[in-house]
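Let me begin by presenting the structure, written as structure tokens, before commenting on it.
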Amino acid sequence: MSAPRPYTLIAELTYRCPLRCPYCSNPTNLADHDGELGTEEWKRVLGEAEALGVVQVHFTGGEPLARKDLEQLVARARELDLYSNLVTSGVPLTKERLVTLANAGLDHVQVSIQSARPERADAIAGYAAHPQKIQVMRWVTDLGLPLTMNVVLHRANLDEIDELVALAEDVGASRLELANTQYVAWALSNRNALLPTRGQLDMAAEAASKHKARLQGKIDVLFVKPDYFGTTPKACMDGWARRFIHMVPDGRVLPCHAATSITTLRFDSVKDRPLADIWTSSDALLAYRGEAWMPEPCKSCDRRSIDFGGCRCQAFALTGDASATDPACERAPQHALVEAARKSADGPNDRRYLYRGR
Amino acid sequence: MTPKLAKKARLRFDRHSGRHMVIYPERGLALNDSAAAIAMRCDGTRTVSEIVEEIALEAGVPAAERSSLEQDVVEFVALLAQKGLLEP
Ligand SMILES: C[S@@+](CC[C@H](N)C(=O)[O-])C[C@H]1O[C@@H](n2cnc3c(N)ncnc32)[C@H](O)[C@@H]1O
Ligand code: SF4
Ligand code: SF4
């Protein structure tokens with residue numbers, strides 16, 4: 001099988017971050033990761049990604065602003081005519097630096113907030129950052145840059161849809177991403193404290209769909225449903241190593257942000273091999289690319305080209321077998337694992353957070 | 001109305017496919033030549049009928065086919081709007 005064309009590079013520049021979100025999708029074993037790629041290495045990789053077909057790069061992390069060379073990487077992306085998006089918590093940032101980034105050719109900024117209510121937001125982030133985030137969003141739109149406001153949703157903020165939408169309108173966002181928590185990495189460790197009830201979720205979904213209709217053509221309101229409450233899994237990354245190249249700070253090439261959690265796979269690094277070589281022939285990327293690896297019931301299911309059998313990281317985390325059908329699917333042999341978690345959200349339990357470590 | 005591509009959308013040539021694409025944060029939209037000719041003119045200075053006029057002139061569309069061209073333009077502009085790719 002020839003390798004598909006990748007369109008998007010997700011570049012996690014660093015895992016450093018001042019915040020401590022309990023749902024953070026960064027790995028839980030942060031200390032075990034190698035040193036970060038340097039400026040020149042990233043510049044080379046951006047060129048290699050463009051040559052493979054990539055048209056868009058998301059600079060993310062950790063907190064990408066923690067890298068002093070971000071401006072240079074944005075400029076390099078612009079030189080390659082790549083659409084660049086900064087995915088950030090907004091901490092630490094000055095207006096001057098944002099202007100520099102805009103002048104370097106940044107196309108879009110996505111700022112995540114934790115809640116529309118300041119005290120709640122800071123309690124979730126484990127850091128007093130909320131006022132700064134609001135300020136950053138205003139700077140972004142004042143400079144005429146398009147803004148996405150992102151909120152990760154869970155049981156402590158699902159009741160805020162109206163407030164969140166009002167805030168997005170107020171700061172001038174052109175997109176609002178209301179993204180229910182994906183239960184990987186820190187979020188899986190905190191699942192008890194984060195998982196909402198079905199009732200909470202339904203109310204939020206209804207509120208979001210009203211605003212979506214009202215703001216049609218003005219603000220793109222996106223409500224990402226949690227796969228734990230559906231009947232079929234999400235089409236994770238549009239398929240393993242198909243459209244997205246995901247790179248972690250130490251230069252390893254993944255199909256998604258969470259894949260290093262699959263400890264049975266070894267991911268190749270751009271420190272050792274050219275990106276094109278890794279994309280077309282790395283064992284880890286070939287492992288679940290396409291459909292040949294699929295077990296039943298996926299193998300003969302007519303949804304397999306739609307959802308690709310779901311998320312490999314979730315399959316591994318919940319069943320210990322990365323090639324299992326995603327337990328979020330109601331047809332999965334191990335769907336009971338997800339059902340049990342969902343039920344536990346209704347009962348009383350310990351809702352304290354385990355904050356993301358450093 | 002003078003349609004204008006949204007701030008978040010960037011129209012650019014894709015050297016790999018030889019086509020134009022509209023790129024925006026969550027996706028890209030590959031355009032065929034006629035769609036590209038329309039998108040290129042969504043810059044906030046032309047009305048839909050001016051866009052039709054220009055393309056017709058440039059491509060030498062005979063008068064008899066104007067109305068189908070016009071329909072294409074109207075439909076494509078509506079598609080862009082529906083995808084949130086035009087300024088409100
Ligand atoms: C890991 S963060 C890195 C960038 C930056 N530190 C931030 O938080 O915006 C990338 C994006 O993923 C979102 N995110 C983090 N953990 C998530 C989870 N478990 N489920 C869904 N989205 C998550 C964040 O809100 C952010 O928009
Ligand atoms: S999700 Fe929170 S803790 Fe994780 S990188 Fe982003 S701001 Fe930092
Ligand atoms: S059986 Fe497999 S392919 Fe079918 S819906 Fe479930 S996860 Fe998707």
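In what follows, chains carry the letters A, B, and so on, assigned in the order in which the sequence lines appear, proteins first and then strands, with residues in each chain numbered from 1.
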Lys225(A) atom NZ, over 12 foreign heavy atoms within 6.0 Å: no
Among residues 47-58 of chain A, which residues come closer than 4.5 Å to chain B, judged by heavy atom distances? Glu50(A), Ala51(A), Leu52(A), Gly53(A), Val55(A), Gln56(A), His58(A)
Sequence neighbours left out, cut at 3.5 Å: what donor-acceptor pairs do the side chains of residues 68-87 of chain B make with other protein atoms?
{"unit_1": "Gln71(B)", "atom_1": "NE2", "unit_2": "Glu75(B)", "atom_2": "OE2", "d": "3.2"}
{"unit_1": "Glu87(B)", "atom_1": "OE2", "unit_2": "Lys7(B)", "atom_2": "N", "d": "2.7"}

Chain A shares the most heavy-atom pairs under 4.5 Å, among Pro25(B), Ala9(B), Ala6(B), with Pro25(B)
Chain A heavy atoms under 4.5 Å from Arg15(B): which part of the residue, side chain, backbone, both or neither? side chain
Looking at every heavy atom in both Gly217(A) and Pro88(B), which two are closest together, and how far apart are they? O-CB, 3.6 Å
Which pairs count as ring pair (Phe, Tyr, Trp, His ring centres under 6.0 Å) when at least one residue sits in residues 18-75 of chain B, sequence neighbours excluded? Phe13(B)-His20(B)
Donor-acceptor pair, side chain of Arg175(A) and main chain of Lys8(B), under 3.5 angstrom: no
Is the number of heavy atoms from other residues, nucleotides or ligands within 6.0 Å of CZ (Arg19(B)) greater than 12? no
More than 12 heavy atoms of other groups within 6.0 Å of Arg97(A) CZ: yes
Would you say Asp33(B) has more than 12 foreign heavy atoms packed within less than 6.0 Å of its CG? no
Just to be sure I understand the criterion: a residue of residues 39-46 of chain B counts if one of its heavy atoms is under 4.5 Å from a heavy atom of chain A. Which ones qualify? none
Gap between atom CZ of Arg5(A) and atom CG of Asp14(B) - 0.5 Å precision: 4.0 Å
Do side-chain atoms of Arg12(B) reach the backbone of Asp81(A) as a donor and acceptor pair under 3.5 angstrom? yes
Close side-chain approach of Tyr7(A) to Met21(B), heavy-atom, < 4.5 Å: yes
